[in-house]
2 protein chains.
Amino acid sequence: MSTPERLIESTRELLWERGYVGTSPKAIQQHAGAGQGSMYHHFAGKPDLALAAIRRTAEELRRTVDDVLGGDGPAYARVEAYLLRERDVLRGCPVGRLTMDPDVIADDTLRAPVTETLDWLRDRLAGIVREGRERGEFAASLDPHRTASLIVATVQGGYVLARASGSPAAFEAGVRGLLALLASAGPDDTTTQ
Amino acid sequence: MSTPERLIESTRELLWERGYVGTSPKAIQQHAGAGQGSMYHHFAGKPDLALAAIRRTAEELRRTVDDVLGGDGPAYARVEAYLLRERDVLRGCPVGRLTMDPDVIADDTLRAPVTETLDWLRDRLAGIVREGRERGEFAASLDPHRTASLIVATVQGGYVLARASGSPAAFEAGVRGLLALLASAGPDDTTTQ
DNA sequence: GTCTATATTGGGATAGAC
DNA sequence: GTCTATCCCAATATAGAC
């Protein structure tokens, strides 16, 4: 791998592990096996390198989600596939965790890919819920936007619970709770309001 | 307020705003209007001060939750009250955000109050769901532990969405999505499995 | 209890040689 | 392109005077 590549990949990992504030240029260089001058030759500085790393992580997340959501089965099954997909639960979401980074949130350029990715994810899920509703798989009363927000929040919050308890079980519990409620939101459900 | 008090309160605010990694002793001192020596006279160092701050924040959260959850109305209403309680949404959860702090998670002493608080919160909600189920307010099939995990995850993840988009609306959307599903999980709901 | 002085390491970067 | 030297300031303390 080229030096710029190694620098970006190292930044991605450190950003995931320690966040933006907790990641120093020196740590990146050491992880990448690159010298000081080398890093500053290829990138303007820490924010520039972080931007490249965040963009790539965001792209990768979209591809992964598209893979798991791309089928044409029933809406419930696609949402289920998304929720149950393999994850490195204890590491958390490499995009979502950046929202807790004050210096990322304060910088419009760094923040943009985070905003866009989570917006995209929610809208993608909302489309699937809407489809399911139109096909009569979900109750007509199920709000696609709100339900999609709930799905994304469950995942993001599941990471918080898992990291707090030190176990993926907490993530799993929340996801199972959501799936049970979604399963009960079929078109036959007359109590849904 | 005494100097130790001001130091603890300042640490609480900075921890909430910038996290543990992003909070320096110097910043705390300036925020508290205390000198270097003064801080090290009252506290052993950054971890010691952070522990005092985290413990107090955790206690405060428990009291707040107890206040809103303490009534004796229907289970749904109590959960609703919890979900709709006033929050500083864009600041996020002062306890939950610490799970994204690598130095907190790596230190058992700092991490303990975080683990305990989120465990306690989930168990408290599980108890309410269980009560509601026993009273016939919720479907018998509703799993208390999983549902409680879902509720906590929705809130924690709602903060992520809100901070990503820069608006509390995203938090609200997820919560509304959850409330709609919970409302449909009454005892009459025969589709719940 | 609080202050100032001092110390070590790291953060984040620029300059210029090779 | 990469390396080393250098810079300045912040992070996180300790020591000892007041």
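Just so it is clear, the values below take in all heavy atoms, side chains as well, and ignore hydrogens, waters and symmetry mates. Order of the sequence lines sets the chain letters (A, B, ...), proteins ahead of strands, with each chain counted from 1.
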Q: Take atom OH of B/Tyr40 and atom C1' of D/dA13, then tell me their distance rounded to the nearest Å.
A: 5 Å

Q: Could you write out each protein N or O paired with an N or O of nucleotides 3-5 of chain C at a distance under 3.5 Å?
A:
residue: C/dC3; atom: OP2; partner: B/Gly35; partner atom: N; Å: 3.3

Q: Whole angstrom is fine here: how far is it from NZ in B/Lys26 over to P in C/dT6?
A: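 Checked: the NZ to P distance equals 16 Å.
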
Q: Would you check if the side chain of A/Arg163 reaches a backbone N or O of A/Leu90 as a donor-acceptor pair within less than 3.5 Å?
A: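 Yes, because the side chain of A/Arg163 sits within donor-acceptor range (under 3.5 Å) of the backbone of A/Leu90.
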
Q: Parallel, tilted or perpendicular: which one describes the rings of B/Phe171 and B/Tyr159, with boundaries at 30° and 60°?
A: tilted

Q: Centre of B/Tyr20's six-membered ring, under 6.0 Å away, within 45 degrees of the axis: is that where NZ or CZ of A/Arg18 sits?
A: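 Not flagged: A/Arg18 not positioned over aromatic ring of B/Tyr20.
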
Q: Whole Å only: how far is the CE atom of B/Met39 from the P atom of D/dA11?
A: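 Value for this atom pair: 12 Å.
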
Q: Take the protein atom CZ of B/Phe43 and the nucleotide atom C1' of D/dT12, then report the distance between them rounded to whole Å.
A: 16 Å

Q: Write down the distance between CG (A/Asp103) and P (C/dG12), rounded to a whole number of angstrom.
A: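 Distance check: A/Asp103 CG to C/dG12 P gives 9 Å.
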
Q: When you check the phosphate oxygens OP1 and OP2 of D/dT12, does a side-chain N or O of B/Lys46 lie under 4.0 Å from one of them?
A: yes

Q: Any idea which heavy atoms bring A/Ala58 and A/Val95 closest together, and the distance?
A: CA-CG2, 4.2 Å

Q: Within this structure, what is the CG-to-P distance between B/Leu14 and D/dT12, rounded to whole angstrom?
A: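 So the two atoms are 12 Å apart, to the nearest Å.
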
Q: Give the nucleotide from the list D/dG1, D/dT14, D/dA11 with an atom nearest to the side chain of A/His42.
A: D/dG1

Q: Report the distance from atom CD1 of A/Ile28 to atom C1' of C/dG12, rounded to the nearest whole Å.
A: 11 Å

Q: Test your reading of the model: is there a side-chain donor-acceptor pair from B/Thr147 to the backbone of B/Leu142, 3.5 Å cut-off?
A: no

Q: Heavy atoms only, 4.0 Å cut-off, all strands: where does B/Ser2 land among base, sugar-phosphate and nothing?
A: nothing

Q: According to a strict under-4.0 Å criterion, is B/Thr3 in side-chain N/O contact with OP1 or OP2 of C/dG1?
A: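 For C/dG1, OP1/OP2 do not have a side-chain N/O of B/Thr3 under 4.0 Å.
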
Q: Starting from P on D/dA10, measure out to CZ on B/Arg18 and report it in whole angstrom.
A: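 In whole Å, D/dA10 P lies 14 Å from B/Arg18 CZ.
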
Q: Could you tell me whether the side chain of B/Ser10 and the main chain of B/Leu7 form a donor-acceptor pair under 3.5 Å?
A: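 Pair absent, no side-chain N/O of B/Ser10 close to backbone of B/Leu7.
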
Q: Under a 3.5 Å distance rule, please check whether A/Glu137 uses its side chain to pair with a backbone N or O of A/Pro74 as donor and acceptor.
A: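 It does not hold such a pair.
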
Q: Name the closest nucleotide to the A/His41 side chain, picking from D/dA11, D/dT2, C/dG1.
A: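 It is D/dT2.
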
